[in-house]
Amino acid sequence: QVQLVESGGGLVQPGGSLRLSCAASEDIRNIAVMGWYRQAPGKQRELVAAITSDDSANYADIVKGRFTISRDNAKNTVYLQMNSLEPEDTAVYYCNARRRWALNTNWGQGTQVTVSS
């Protein structure tokens, strides 16, 4: 079971930027898909962005053009660069990993992102 540790969350003003990091305990080249999800109080957890082992990325429509997911294989780390942040982006952001052929995925503990003036 891969361990995932998120970091980089915090308080940012509307229009600002933040970069989240997800550090994995093993070679992320062996993980089929790594993704970022978020959950606000009273709302469903939703996919924000995902990236595959061959570097193909996809995004939720609401964050397209503002967020960028990337990976650094040498550091076993996946990043989420968030620009033009809005109060609606406020949520706990979770990293997720899915191995090929695995039924279950692994989750990090989450990192809080608060967008407020």
Side-chain angles (χ1 to χ4, degrees):
Q1 187 171 348
V2 60
Q3 301 294 127
L4 304 171
V5 179
E6 301 99 330
S7 62
L11 176 64
V12 64
Q13 293 185 248
S17 297
L18 212 57
R19 188 175 76 159
L20 305 183
S21 299
C22 173
S25 62
E26 64 182 64
D27 191 347
I28 61 172
R29 292 175 297 180
N30 296 326
I31 299 175
V33 184
M34 297 198 69
W36 286 97
Y37 292 73
R38 68 187 184 187
Q39 187 168 26
K43 297 183 65 177
Q44 300 264 61
R45 186 171 298 188
E46 63 181 1
L47 174 70
V48 177
I51 189 165
T52 65
S53 58
D54 64 352
D55 218 32
S56 177
N58 68 283
Y59 301 88
D61 288 342
I62 197 169
V63 307
K64 284 181 179 177
R66 299 190 297 124
F67 291 10
T68 302
I69 189 169
S70 62
R71 57 195 294 154
D72 187 334
N73 293 332
K75 296 182 178 179
N76 290 331
T77 300
V78 175
Y79 302 98
L80 184 67
Q81 178 67 47
M82 305 184 294
N83 299 324
S84 301
L85 283 163
E86 304 168 355
E88 293 74 22
D89 296 316
T90 296
V92 177
Y93 284 70
Y94 297 92
C95 185
N96 178 265
R98 179 176 66 81
R99 292 189 180 90
R100 210 177 316 276
W101 312 119
L103 293 178
N104 297 324
T105 62
N106 299 130
W107 294 92
Q109 86 290 343
T111 185
Q112 176 71 49
V113 172
T114 302
V115 185
S116 176
S117 59

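One-based numbering along the sequence shown.
Distance check, rounded to the nearest 0.5 Å: OG1 of T52 to CZ of R71 gives 7.0 Å. If you take OG1 on T68 and CE on M82, they are separated by 11.0 Å, rounding to the nearest 0.5 Å. Taken to the nearest 0.5 Å, the CD atom of E26 stands 5.0 Å off from the CD1 atom of I31. Atoms CD and OG1, from Q112 and T90 in turn, are 7.5 Å apart once rounded to the nearest 0.5 Å. Note: Y93 OH to S7 OG = 15.0 Å, rounded to the nearest 0.5 Å. Expressed to the nearest 0.5 Å, how far CD1 of I51 lies from OH of Y79 amounts to 12.0 Å.
Between the side chain of Q3 and the main chain of S25, no donor-acceptor pair closer than 3.5 Å is present. Side-chain N or O atoms of R66 include one that pairs as donor or acceptor with a backbone N or O of S84 at under 3.5 Å. Y59 contributes a side-chain N or O that, together with a main-chain N or O of I69, makes up a donor-acceptor pair within less than 3.5 Å. Under a 3.5 Å cut-off, the side chain of S117 and the backbone N or O of Q13 do not form any donor-acceptor pair. The closest donor-acceptor contact from the side chain of Q109 to the backbone of V5 lies at 3.5 Å or more, if one exists at all. Side chain of R99 to backbone of N106: no donor-acceptor contact under 3.5 angstrom is found.
Shown here for W36 and S21, the closest heavy-atom pair between the two residues is CH2-O, 3.6 Å. Nearest heavy-atom pair across A91 and A40 is CB-N, 3.9 Å. Heavy atoms only, all atoms of each residue included: V2 and A24 are closest at CG2-CB, 4.0 Å. Of all heavy-atom pairs spanning N76 and I28, the tightest one is OD1-N, 3.3 Å. Closest heavy-atom contact between A49 and L80: CB-CD1, 4.2 Å. Here the shortest heavy-atom pairing between A50 and V33 reads CB-CG1, 4.0 Å.
In this structure, V12 and S17 have side chains that are not in contact, with every pair of non-hydrogen atoms separated by 4.5 Å or more.
Cluster annotation: L4 and Y94 are assigned to distinct hydrophobic clusters (Ile/Leu/Val/Met/Phe/Trp/Tyr, side-chain heavy-atom contacts under 4.5 Å, transitive). Linking ILVMFWY side-chain heavy atoms closer than 4.5 Å, directly or via other members, places F67 and I62 in a single hydrophobic cluster. Hydrophobic cluster membership differs between M34 and Y37, with clusters built from Ile, Leu, Val, Met, Phe, Trp and Tyr side chains linked at under 4.5 angstrom.
Listed by chain and number, the residues in a side-chain contact (heavy atoms from CB on, under 4.5 Å) with D61 are K64 (sequence neighbours excluded).
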Worked check of side-chain contact (heavy atoms from CB on, under 4.5 Å) between E6 and L20 | CA-CA 7 Å; E6 301 99 330; L20 305 183; over 6 Å; no
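A donor-acceptor pair shorter than 3.5 Å cannot be found between the side chains of S56 and D54.
Within 6.0 Å of CG on L47 lie more than 12 heavy atoms contributed by other residues, nucleotides or ligands.
Listed by first and then second residue, the salt bridge (Lys or Arg N to Asp or Glu O under 4.0 Å) pairs that reach into residues 29-42 are D27-R29, R38-E46, R38-D89, sequence neighbours excluded.
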